[in-house]
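What follows is a short report on a single structure.
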There are 2 protein chains.
Amino acid sequence: MPKPGPRLRLVDVAERAGVSLATASRALAGRDGVSEEVASRVRQVSQELGYVANPYARTLAGGASSTVGLVVHQVDDPYFSEIAGGVIQIADERGLLVQICHSGRDPGHELRQIRHLIAQRVGIIIVAGSGYRDARVEADAKAALSDYQRQGGRVAVIGRHSLGVDAVLPDNEAGGRVLAEHLLGLGHRRIAVAAGDEALTTVADRLAGVAAALRGQGLDLADLPVVHSAFTREGGRAAAERILAEHPRTTAIIALNDAMAMGVLSTLRAQRIAVPERMSVVGFDDVSVAADLAPGLTTVRLPMTDMGRMALAMALKPVSARPRRRSTGHQLVVRDSTAPVTPRA
Amino acid sequence: MPKPGPRLRLVDVAERAGVSLATASRALAGRDGVSEEVASRVRQVSQELGYVANPYARTLAGGASSTVGLVVHQVDDPYFSEIAGGVIQIADERGLLVQICHSGRDPGHELRQIRHLIAQRVGIIIVAGSGYRDARVEADAKAALSDYQRQGGRVAVIGRHSLGVDAVLPDNEAGGRVLAEHLLGLGHRRIAVAAGDEALTTVADRLAGVAAALRGQGLDLADLPVVHSAFTREGGRAAAERILAEHPRTTAIIALNDAMAMGVLSTLRAQRIAVPERMSVVGFDDVSVAADLAPGLTTVRLPMTDMGRMALAMALKPVSARPRRRSTGHQLVVRDSTAPVTPRA
DNA sequence: GTGAAAGCGCTAACAA
DNA sequence: TTGTTAGCGCTTTCAC
């Protein structure tokens, strides 16, 4: 709706600086072919007049788009809101604007969002959140992003390996291992896992880490109950209910993300099962509220804000021959939700 | 960076449908001057080909921009991430994209973000978060938004009254009153307030509600300690420390938002002061984690997600003669962080 | 009701 | 080094 409005155009700046349109454009874009003297005069005038380029004209004419598209599961999920915070921070420093959309963990919807961003001609696309184990499910998204890259768009993903683009990869497997080792070290043997949707690679990877730790102790994941449910607080509640009903002797629950851990804690609280006395609980991610839960949640910290920063920083670099991959650190944070296993009454 | 690319243009659709560019444009824009027959054929073809208009060309040519700008304090603050979630949800339904930027509760930075959004020619701007009591502080933002509206832009704000635009207003004063009445009803008389920055209208309004409740009991706010600090978790920690040090006989603390309440709880936990036995604590907002805290936080629920939805819905309606104002409901949610005052040992 | 043509403000060839 | 000019893809007068 915003009518053109009598805004300042580049011609105005050019005229005022006594140069041609082209020269003004070059000067402000910092391209060479302009004497430093003229360039600085143009910049000066542009500053004084408070000129801001019309991004639509600029992009239409083939210039760089200064907006980045970010696809997350949901911004109001703390894991993703922290990532978004990191992306926005870097964007702000570079004068870029961030368009955020929701995938809702639905591959079809995600694809639609990616297409929308491409149609909007954003210059950079960042996709955050787990990938899908079935390659066919993300084939279309992968194709769309490749096309987009081929046409000069920049892409970075967070937490998914199979898209063939620059990626920031949380250490899911190692994190899962560390978590299981922590519980094993406390003497727990009857461990259950509250896992998210099994179609998600993040779930599979974290689970693989847990399995590896168990094997290290001569145990087998097959002996441990793994309950798949939604990768959310509600899913955690449901999983905990099933675990308690079907495996009443469980002494520790590994939730594969903090949201699920919060659901697990909620169920335990409702059933008056003391944590960590009767049940140890661990999460994954270390969202900022993890420390404020009752009890403080033992979890694996992922640097979400940094991950967002890293992803955008990567995308801002010139394309590399082959996709870059940066893996994030991970760190076990022991709080009050875990304790040594107690002998059965 | 995205090079033009061999994308589908409106001419292609027009050609395929056997009409002129102008007719195709009219048909897709739903403007009249096209026979229904032709119009539907054009839409049909456009669908089949998967045509998506280039928003840069469209906007440059004077059409409507389909992006909405949202200014929040920080997306990774739960209060704002829930609002953002609501805005994105509606935007998604209408095929709009949302650009999010941070004000950081800094009026200067906020102004810069607003100007940036205007320069980007977004069609709608939504500003969420407390206003400032000093009108001069937001005079520039107000002026920028007025100009923008005059040129056809649509604006809605959430939680600020003095910008002269459509607004969604949380019931801050009533909420503050309800909170104080709740504590008063439990017998508390030595109440302290952990308040945010006093320059914020939200802080002032909530405080006014608290004061009103006290007056209703023949008490005076002047008798109660009000500690101003940052409107964040850290601010809550600091405020609680001062309250404990300077007013050791306090039996209840009113934190003016949930973030501060979380800080207050954290300090109390660190000092091993039992909640609610020795100290009752209340928050404000009911962010989604409030229920999972230790103990569950008594607070006033604000429908953040709805507030985001309402704001965008308002901005999507045609302009009204005078600014619209919709106030949100509020609801006291009693959990486990409050209890009757106990006789002093 | 429909089409032809003139821009919107900018970038990037191409000249000079 | 600088200027001239032809578009980018769309909307919107203005003719027909």
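Computed from a predicted structure; not experimentally measured. Residue numbers start from 1 in every chain, and the chains themselves are labelled A, B, ... in the order their sequence lines are given, proteins ahead of strands.
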**Message:** Let's see if you can work this out: which of C:dG3, C:dC8, C:dA13 has an atom nearest to the side-chain heavy atoms of A:A22?
**Reply:**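 Out of C:dG3, C:dC8, C:dA13, the nucleotide with an atom closest to A:A22's side chain is C:dA13.
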**Request:** Give the nucleotide from the list C:dG3, C:dC10, D:dT4 with an atom nearest to the side chain of B:V19.
**Result:** C:dG3
Distance-only criterion, 3.5 Å: show the donor-acceptor pairs between side-chain atoms of residues 91-99 of chain B and protein atoms not counting sequence neighbours.
residue: B:D92; atom: OD1; partner: A:Q113; partner atom: NE2; Å: 3.2
residue: B:D92; atom: OD2; partner: A:H109; partner atom: NE2; Å: 2.9

**Prompt:** By a strict heavy-atom criterion of less than 4.0 Å, which residues belonging to residues 24-35 of chain A are in contact with DNA chain D?
**Reply:** A:R26, A:G33, A:V34, A:S35
What's the [atom1]-[atom2] distance between [X] and [N], to the nearest Å?
| X | N | atom1 | atom2 | answer |
| --- | --- | --- | --- | --- |
| A:Q120 | D:dG9 | CD | P | 16 Å |
| B:L8 | D:dC8 | CG | P | 15 Å |
| A:L10 | C:dT11 | CG | C1' | 10 Å |
| B:Y56 | D:dC8 | OH | C1' | 13 Å |
| B:E15 | D:dG9 | CD | P | 14 Å |
| A:L60 | C:dT11 | CG | C1' | 10 Å |
| A:N54 | D:dC8 | CG | P | 18 Å |

**Request:** Work out which heavy atom in B:Y132 is nearest to a heavy atom in B:L200; give both atom names and the distance.
**Result:** CE2-CD2, 3.7 Å
**Prompt:** Taking only residues two or more places apart in sequence or in another chain, which ones pass salt bridge (Lys or Arg N to Asp or Glu O under 4.0 Å) with B:D140?
**Reply:** none
Does a nitrogen or oxygen in the side chain of [X] sit under 4.0 Å from OP1 or OP2 of [N]?
| X | N | value |
| --- | --- | --- |
| B:T23 | C:dT2 | no |
| A:R58 | C:dT11 | yes |
| A:R9 | C:dG9 | yes |
| B:Y51 | D:dC10 | yes |

Is [X] atom [atom1] crowded by more than 12 heavy atoms from other residues, nucleotides or ligands, each under 6.0 Å away?
| X | atom1 | answer |
| --- | --- | --- |
| A:R31 | CZ | yes |
| B:E15 | CD | no |
| A:R16 | CZ | no |

**A:E36 or A:A57, whichever maps to the more 5' nucleotide of DNA chain D** = A:E36
**Complete:** On DNA chain C, more 5' by nearest nucleotide between B:A61 and B:L21 is B:L21
**Request:** Might you work through the salt bridge (Lys or Arg N to Asp or Glu O under 4.0 Å) test for B:E36 and B:R43, ending with a clear yes or no?
**Result:** CA-CA 10 Å; B:E36 188 40 54; B:R43 277 194 294 269; 2.9 Å; yes
